[in-house]
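Just so it is clear, the model here is predicted, and its values are computed rather than measured. Just so it is clear, the values below take in all heavy atoms, side chains as well, and ignore hydrogens, waters and symmetry mates. Below, chains carry the letters A, B, ... as their sequence lines are ordered, and counting in each starts from 1.
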Number of protein chains: 2
Amino acid sequence: MDVVTGAAEDAAAANRSTGGTDRGPKQDRSRATRQRILSAALACLAEHGWAGSTVAVVCARAGVSRGAAQHHFGTREELFTAAVAHMAEEWQASVRERARALPGRGRDRTYAVVDMLVAVHTGPLFRAALHLWVAATDEPELRERVAALESRIGREAHRLAVEFLAADESVPGVRETVQATLDMARGLGLANLLSDDSARRAGIVRQWSRTLDAVLRPPDPAA
Amino acid sequence: MDVVTGAAEDAAAANRSTGGTDRGPKQDRSRATRQRILSAALACLAEHGWAGSTVAVVCARAGVSRGAAQHHFGTREELFTAAVAHMAEEWQASVRERARALPGRGRDRTYAVVDMLVAVHTGPLFRAALHLWVAATDEPELRERVAALESRIGREAHRLAVEFLAADESVPGVRETVQATLDMARGLGLANLLSDDSARRAGIVRQWSRTLDAVLRPPDPAA
DNA sequence: CGAAACAATCAACCGTGCATGCTTTTTTCC
DNA sequence: GGAAAAAAGCATGCACGGTTGATTGTTTCG
């Protein structure tokens, strides 16, 4: 469902940029160019931030001319609007990839899920998202797009966390605790921005997963 | 100690901007102008972000000319370097102010401390800091300054949280849990950037303060 | 051949640091 | 103590570099 929505938005953006009625690039090389530009846009965001990700910088990164970029995305705004949609796809792929190797159950599972969630939030994709997130506060056209992305990723992250943790949200407090876990992961992503925070982070992940496990699976009162 | 350090840095910045050997502005009106500029810089950061906080925008906000700003801060970099130091002072004043009305002890206390920490991280000062934090990743001159500020505020926040919570850090896991609480508060600050997140937040604060209380004050095994 | 895709160039605008000018306050000199 | 000079503080304007969207030119594909 989310993947389908993303593709529809992507096609709409393609229509806008070419002014045509067809469904995106016609040539394979054009599709490849477009992909390269979008990937470069996200990479530049992560490395250079919003202000540093000028169209020229993105083009240099993608190895294409400004004219080529302009063919696909008439304005900087359109470029990053498409990049937002691209980011949603990349995010989902990233989480799916990481979820593959989770242990079966118990405290090891809880630890691994927390570790994974934190890893997602300390990676380059979150970094790019963070830059967009912060920049969107003063970019009216971008704001709505980014707010929608944030909302969607947030809901999806929550859904996946509940699923991976096998958490029962009908138990009072579980829902909020899972949410707190994600907010903490975001905070850790922030803390990793200017310097490597991994040592401190490891201790926090270990402890949080213990606390989380205790909340999700309280000791049996009958035992 | 931190206040003294802040003042020394402030004086050093003043020396730099005037090229003199004296200790900052000589006239009261000059001190007032400087203060206005710095306050405006922080307010603009919170509202417009880094890219939007041009010297012209800050001056308009402060109600001074660009020449006046330039007298105090020769470059944009110097302006925001001083703003960083100013931010540290404002942050401390803010926390002190909020700490005044904390209840005495128990779960109410824990809740109030968590609520306060989260409130600090969802206010305009944190918002300004966040913009600086993110922008600093691609501003070499600013990076070091902001990293130092982040480090200092982080340590101070931790120290105060431990103090206000009357937490015993020799108990295994308490230190990490307090740190995680702060990281969670930062994540909640982030979540409040593009839209009002207060409803979700209230639930998380309530629930987490319960969990935190249970961690800090586990049930007496002898009872 | 025309459309699509890409490349290169242009003009307008903005932000910055620098320079010059004006006003207010402090210091120096008699 | 008062006038003049100097310093401090503030105001205005300029030149430059970078970014952007628009425009024109070239290459590739169907």
side-chain N/O B:Thr75 vs C:dT16 OP1/OP2, d < 4.0 Å: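 Checking C:dT16 against B:Thr75, no side-chain N or O comes under 4.0 Å of OP1 or OP2.
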N or O in side chain of B:Thr33 less than 4.0 angstrom from D:dC10 OP1/OP2: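 True: B:Thr33 side-chain N/O within range (under 4.0 Å) of D:dC10 OP1/OP2.
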Taking [atom1] from [X] and [atom2] from [N], how many angstroms apart are they, rounded to a whole number?
X	N	atom1	atom2	answer
A:Arg36	C:dA7	CZ	C1'	14 Å
B:Arg31	D:dC10	CZ	P	11 Å
B:Glu141	C:dT16	CD	C1'	14 Å
A:Phe73	C:dA5	CZ	P	12 Å
B:Leu79	C:dG17	CG	P	10 Å
B:Glu77	C:dT16	CD	P	12 Å
A:Trp50	D:dT19	CH2	C1'	13 Å
A:Arg29	C:dC6	CZ	C1'	6 Å

What's the closest nucleotide to the [X] side chain, out of [options]?
X	options	value
B:His72	D:dA11, D:dC10, D:dT19	D:dC10
B:Ser30	D:dC10, C:dA5, C:dA7	D:dC10
B:Gln27	C:dA7, D:dA8, C:dG17	D:dA8
B:His71	C:dG15, D:dC10, C:dG17	D:dC10

Matching residue for A:His158 among A:Glu169, A:Glu163, A:Gln179 - test: side-chain hydrogen bond (donor to acceptor under 3.5 Å, both in side chains):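 It is A:Glu169; the other options fail the test.
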N/O donor-acceptor pair, side chain B:Arg66 with base C:dG15, under 3.5 angstrom: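 There is none.
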Base C:dC18 paired with B:Gln70 side chain (donor-acceptor, <3.5 Å):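 Answer yes: a donor N or O sits under 3.5 Å from an acceptor.
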Which residue lies more 5' along DNA chain D, comparing A:Val55 with A:Gly67 via nearest heavy atoms: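 The residue closer to the strand's 5' end, by nearest nucleotide, is A:Val55.
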Closest non-hydrogen atom pair, A:Asn192 against A:Arg127: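 Taking A:Asn192 first and A:Arg127 second, the nearest heavy atoms are O-NH1, 3.9 Å.
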B:Asp183/A:Arg200 salt bridge by N-O under 4.0 Å criterion: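 Here A:Arg200 pairs with B:Asp183 in a salt bridge, since their nearest N and O are under 4.0 Å apart.
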Face-on cation placement of A:Arg76 at A:Trp50 ring, 6.0 Å and 45° thresholds: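 Yes, a cation-pi geometry.
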A:Trp208 and A:Thr181: CA distance, side-chain angles, deciding distance, side-chain hydrogen bond (donor to acceptor under 3.5 Å, both in side chains) verdict: CA-CA 8 Å; A:Trp208 187 283; A:Thr181 300; 2.9 Å; yes
